[in-house]
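Working notes for the structure below.
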Amino acid sequence: MNKQEALIDYCLRLGDNSLVLGHRLSEWCGHGPILEEDLALANIALDLLGQTRNLFTYAAAVEGKGRTEDDLAYTRNNYEFRNALLTEQANGDFAVTIARQLFYTSYAWLLFTELQKSKDETIAGIAAKALKETSYHLRHCNEWTIRLGDGTEESHRRMQDAVDSLWMYTDDIFAQTEGDALLIKEGIAADAATLKPKWDAMIKETLTKATLKMPEGGFMMKGSREGKHTEHLTYILGELQFLQRTYPGMEW
Amino acid sequence: MSNSNNEWPLWEVFVQTKSGMPHKHCGSVHAPDKEMALQNARDTYTRRNEGTNIWVVPAAAITASSPEDIGPFFDPSNDKAYRHPTFYTIPEGVKYI
């Protein structure tokens, strides 16, 4: 894998994360627990979609084969998607959505903080913009985690269940490829291995405030870097891509 | 929605559009506490770049005049035109008056 391929893969991977998670959050639209939260989740979904557009546009430009952001979103198959397994997991109850937000957003915040300093100016610019949005997303899910964990008996139980059930997907977020090593050496990508201990500390702090137990060890599922996904992704893409698959090139 | 005992308290939201401008009432949100009220207000009322600052105030903390007071409260100022600053000339270029 040369530097160009590594960079395309890196941008697609980050863009896939926000595309798939953004799609998941958009499923809450009209179903939020209260009107205000419905809007909050839709806002976050739109921010994530915006991040995807920036990353896909850049990936397409680096590739230079005339593909567009839409081609990348609507015509790749599930095994070509590189989003972390966590991001495709189902919304579940509100606690599951918040736990998924907490795990992903803490990672994204650390990642974009590093990528702001990337030697690739476009990556640095995309990261700086995304970091502002992500800082708010982080505040949102931290506050909710604390309130649900340290809330009623039922909300505590549901939040702990959510944290426990998604824990097995958390190592996969930090999985790296050989292309990453190349980009890290060039000062373009962030080294996920250095983010993990910081992530552990962030999660631990929030869970402790929320009177929740941090899971330890256990089976960890991986595979997103090789395009091996859980059953959920195919259904998400089915919904996301059906129009362009049925009517290729359709515009409105 | 129907059981008011299960509803979170109501907060009135005031948004400042620019630094130095007054905060203006723009609506209300439900929230369990002040931090969440701020977040809900941000998500509900500043999505289109409307704000630089937000106040949230528990609706229960607001004391309002009652509709019956409309006569004694406001009628006496009806015929006191001299209280309007229409007799001053305002220099050109002064904004927000």
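Quick note: numbers below take in every heavy atom, side chains included, and nothing from hydrogens, waters or symmetry partners. To find a chain, count down the sequence lines: A is the first, B the second, and so on, and within it residues start at 1.
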Query raised in the report: Can you tell me how far CD of B/E35 sits from CD1 of A/I146, rounded to the nearest 0.5 angstrom?
Result: 9.5 Å
Report summary line: CD (B/E7) and CD1 (A/I34) are apart, to the nearest 0.5 Å, by 9.5 Å
Report task. Please look at A/R147 and chain B and tell me whether the side chain, the backbone, both or neither of the residue comes under 4.5 angstrom of a heavy atom of that chain. Result -> side chain
Report task. Please check if atom CZ in A/R53 has more than 12 non-hydrogen atoms from other residues, nucleotides or ligands closer than 6.0 Å. Result -> no
Requested in this report: Please indicate whether B/F14 has more than 12 foreign heavy atoms, meaning atoms of other residues, nucleotides or ligands, lying under 6.0 Å from its CZ.
Outcome: yes
Report task. Using the side chain to side chain contact (heavy atoms under 4.5 Å, CB included) rule, pick out the option among A/E143, A/H140, A/E36 that qualifies with B/M36. Result -> A/E143
Report, by ascending residue number, the residues of [range] in heavy-atom contact with chain A at a distance under 4.5 Å; give 'none' if the set is empty.
| range | answer |
| --- | --- |
| residues 61-69 of chain B | none |
| residues 43-52 of chain B | B/D43, B/T44, B/R47 |
| residues 21-32 of chain B | B/V29, B/H30 |

Query - Contacts of residues 154-174 of chain A with chain B (heavy atom under 4.5 Å) - result: none
